[in-house]
There are 2 protein chains.
Amino acid sequence: MIRHADGLSIGQVSEATGLSVHALRFFEREGLFLRPIPRSAGGQRVYDPADVEWLLLCNRLRDSGMSIATLRRFAELVRSGPGNEHERLALLEEHERMVRARIAELEASLAVIHGKVVTYRRHLHDGTAAGLWAPAPS
Amino acid sequence: MIRHADGLSIGQVSEATGLSVHALRFFEREGLFLRPIPRSAGGQRVYDPADVEWLLLCNRLRDSGMSIATLRRFAELVRSGPGNEHERLALLEEHERMVRARIAELEASLAVIHGKVVTYRRHLHDGTAAGLWAPAPS
DNA sequence: GTAGAAACTAGAGTGCGCTCTAGATCAAGC
DNA sequence: GCTTGATCTAGAGCGCACTCTAGTTTCTAC
């Protein structure tokens with residue numbers, strides 16, 4: 001078997017990206033790669049470092065809440081080559097807006113939660129019960 | 001039927017909290033309320049404003065990523081009355097840590113995504129292709 | 001050559017958090 | 001009384017994103 005430079009097995013890519021081998025096969029079925037992943041003589045996937053780089057970006061997009069469907073749309077745009085950069089930009093800008101909105105939402109919730117934490121700390125420190133939930137609300 | 005002051009129907013609570021009536025019944029089955037919700041003579045749920053306030057806090061906790069299971073645990077602690085404030089505080093502090101970690105993760109992803117957006121904008125503005133994903137990665 | 005690890009496929013199963021269905025009952029306005 | 005809309009129960013169904021299974025084949029090391 002010809003193992004050309006930089007050829008990576010699915011296990012190595014799993015290791016490098018944190019995605020399970022199951023997830024990598026799933027991503028491939030879902031059309032999330034930028035190219036068809038080539039196979040060795042025996043039928044095993046042979047990835048290259050660019051695939052790993054792409055997967056690391058995918059991880060960022062997924063972790064920040066992009067759906068598989070949207071990620072597939074982005075992959076399709078990149079796969080179909082130059083000429084659609086406006087669409088790619090629009091997709092990324094839209095996602096950026098979503099992430100910023102999500103952060104703002106989390107910060108608003110955090111303020112409420114932290115307020116509760118402070119209230120409980122005060123209660124435990126000096127024995128007042130103001131602001132705590134009673135077992136049977138009035 | 002005696003409609004006592006402040007009695008709210010499930011529809012009104014749905015309106016006030018943004019939770020669907022289905023979700024409100026689901027929450028009840030899941031033990032997320034601080035008390036058994038009383039029923040009218042005809043068997044319909046009668047909520048009061050304290051239930052709505054609790055649900056608004058639940059929304060904050062859920063929106064910030066707390067699972068139903070953890071929320072139930074918190075509800076159980078509050079229901080079981082005074083004496084477990086240390087546990088309630090620990091639960092809230094743990095959740096606060098998780099929210100802060102999530103915000104940090106989102107901000108890290110945001111930096112990457114924004115970097116891509118800037119790259120695409122530059123590309124579209126002056127025609128360079130550096131840093132863009134090619135259709136077939138080298 | 002052989003043992004054991006790793007990879008293959010197609011497809012079923014899982015966990016979460018609702019969401020919806022069906023068929024019945026209840027409430028409010030005319 | 002009648003219609004219309006809200007609510008009731010128990011339980012099935014759904015969308016998402018994997019995750020796992022089963023049975024087979026390939027690869028690596030000795």
Side-chain angles (χ1 to χ4, degrees), chain A residues 1-4 7-33 36-48 51-52 55 58-75 95 98 102 105 109, chain B residues 1-4 7-33 36-48 51-52 55 58-75 95 98 102 105 109:
Chain A
M1 166 194 178
I2 299 157
R3 170 166 292 294
H4 67 71
L8 298 165
S9 72
I10 196 169
Q12 291 172 313
V13 173
S14 171
E15 179 81 3
T17 61
L19 291 160
S20 72
V21 297
H22 296 295
L24 288 169
R25 290 191 279 244
F26 170 75
F27 273 35
E28 191 174 330
R29 280 202 295 281
E30 292 293 313
L32 304 186
F33 281 93
I37 301 301
R39 303 305 183 94
S40 71
Q44 305 195 200
R45 291 168 178 82
V46 181
Y47 299 88
D48 83 10
D51 297 317
V52 171
L55 287 169
C58 288
N59 276 344
R60 284 299 187 184
L61 294 172
R62 294 281 307 115
D63 290 351
S64 57
M66 184 180 284
S67 69
I68 293 283
T70 302
L71 183 49
R72 175 166 44 231
R73 174 83 187 120
F74 185 54
H95 185 61
M98 282 176 37
R102 180 67 183 136
E105 188 188 18
S109 293
Chain B
M1 163 190 178
I2 298 157
R3 170 166 291 294
H4 67 71
L8 298 164
S9 71
I10 197 169
Q12 290 173 313
V13 173
S14 171
E15 179 81 4
T17 61
L19 292 160
S20 72
V21 296
H22 296 295
L24 288 169
R25 290 190 279 243
F26 169 76
F27 273 34
E28 191 173 332
R29 279 201 295 281
E30 292 293 313
L32 304 186
F33 281 93
I37 301 301
R39 303 304 183 96
S40 70
Q44 306 195 197
R45 291 167 178 83
V46 181
Y47 299 87
D48 83 9
D51 298 316
V52 171
L55 288 169
C58 289
N59 276 344
R60 285 298 187 184
L61 295 172
R62 295 281 305 115
D63 291 351
S64 56
M66 183 179 285
S67 69
I68 293 284
T70 303
L71 183 49
R72 174 166 44 230
R73 174 84 188 120
F74 185 54
H95 185 61
M98 284 178 33
R102 180 68 182 135
E105 188 188 18
S109 293

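Because the structure is a prediction, the values reported are computed rather than measured.
- Screening residues 13-22 of chain A for salt bridge (charged side-chain N to carboxylate O under 4.0 Å, His left out), with sequence neighbours left out, gives no hits.
- Atom CD in B/E28 sits roughly 14 Å away from atom C1' in D/dA10 (whole-Å rounding).
- Summarising the geometry, the separation between CZ on A/R29 and C1' on C/dG11 is reported as 8 Å, rounded to the nearest angstrom.
- Look at CD on A/E30: it is 9 Å from C1' on D/dA17, rounded to the nearest Å.
- At the phosphate of D/dT9, OP1 or OP2 sits under 4.0 Å from a side-chain N or O atom of B/R39.
- As a whole-Å value, the separation of A/I10 CD1 from D/dT19 P is 14 Å.
- Under the rule for a salt bridge (Lys or Arg N to Asp or Glu O under 4.0 Å), B/R60 has no partner lying at least two apart in sequence or in another chain.
- Among residues two or more places apart in sequence or in another chain, the salt bridge (Lys or Arg N to Asp or Glu O under 4.0 Å) test is passed with A/R72 by A/E30.
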Distance-only check: which donor-acceptor pairs under 3.5 Å involve side-chain atoms of residues 21-28 of chain A, not counting sequence neighbours?
residue: A/E28; atom: OE1; partner: A/R45; partner atom: NE; Å: 2.6

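- In this structure, the CD atom of B/Q12 is 11 Å from the P atom of C/dA28, given to the nearest Å.
- At a threshold of 4.5 Å between non-hydrogen side-chain atoms, the residues A/S9 and A/V46 do not count as touching.
- Contact check, A/S9 against C/dA7: a side-chain N or O comes under 4.0 Å of OP1 or OP2.
- Rounding to the nearest 0.5 Å places CD of A/Q12 at 11.0 Å from CD1 of A/I10.
- Using a 4.0 Å cut-off on heavy atoms, the residues of residues 58-70 of chain A that approach DNA chain D are A/R62, A/S67, A/I68, listed by number.
- Of the listed nucleotides (C/dA7, D/dG11, D/dC18), C/dA7 has the atom at the smallest distance from the side chain of A/V21.
- For the pair B/E15 CD and D/dG5 C1', the interatomic distance rounds to 15 Å; values are reported in whole Å.
- Put simply, CG on B/L55 and CG on B/L61 are 11.0 Å apart, with the number rounded to the nearest 0.5 Å.
- In this structure, the side chains of B/D48 and B/L8 stay at 4.5 Å or more apart for every pair of heavy atoms.
- Separating the CG atom of B/L24 from the C1' atom of D/dT7 is a distance of 12 Å, rounded to the nearest angstrom.
- Among residue pairs with one or both ends in residues 61-70 of chain A, those qualifying as side-chain hydrogen bond (donor to acceptor under 3.5 Å, both in side chains) are A/S64-A/H95, A/S67-A/T70; sequence neighbours excluded.
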Reading 5' to 3' through nucleotides 21-26 of chain D, protein heavy-atom contacts under 4.0 Å coded B for base, S for sugar-phosphate only, - for none: B----S
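- Atom pair B/R45:CZ and C/dA27:P shows a separation of 14 Å (rounding to whole Å applied).
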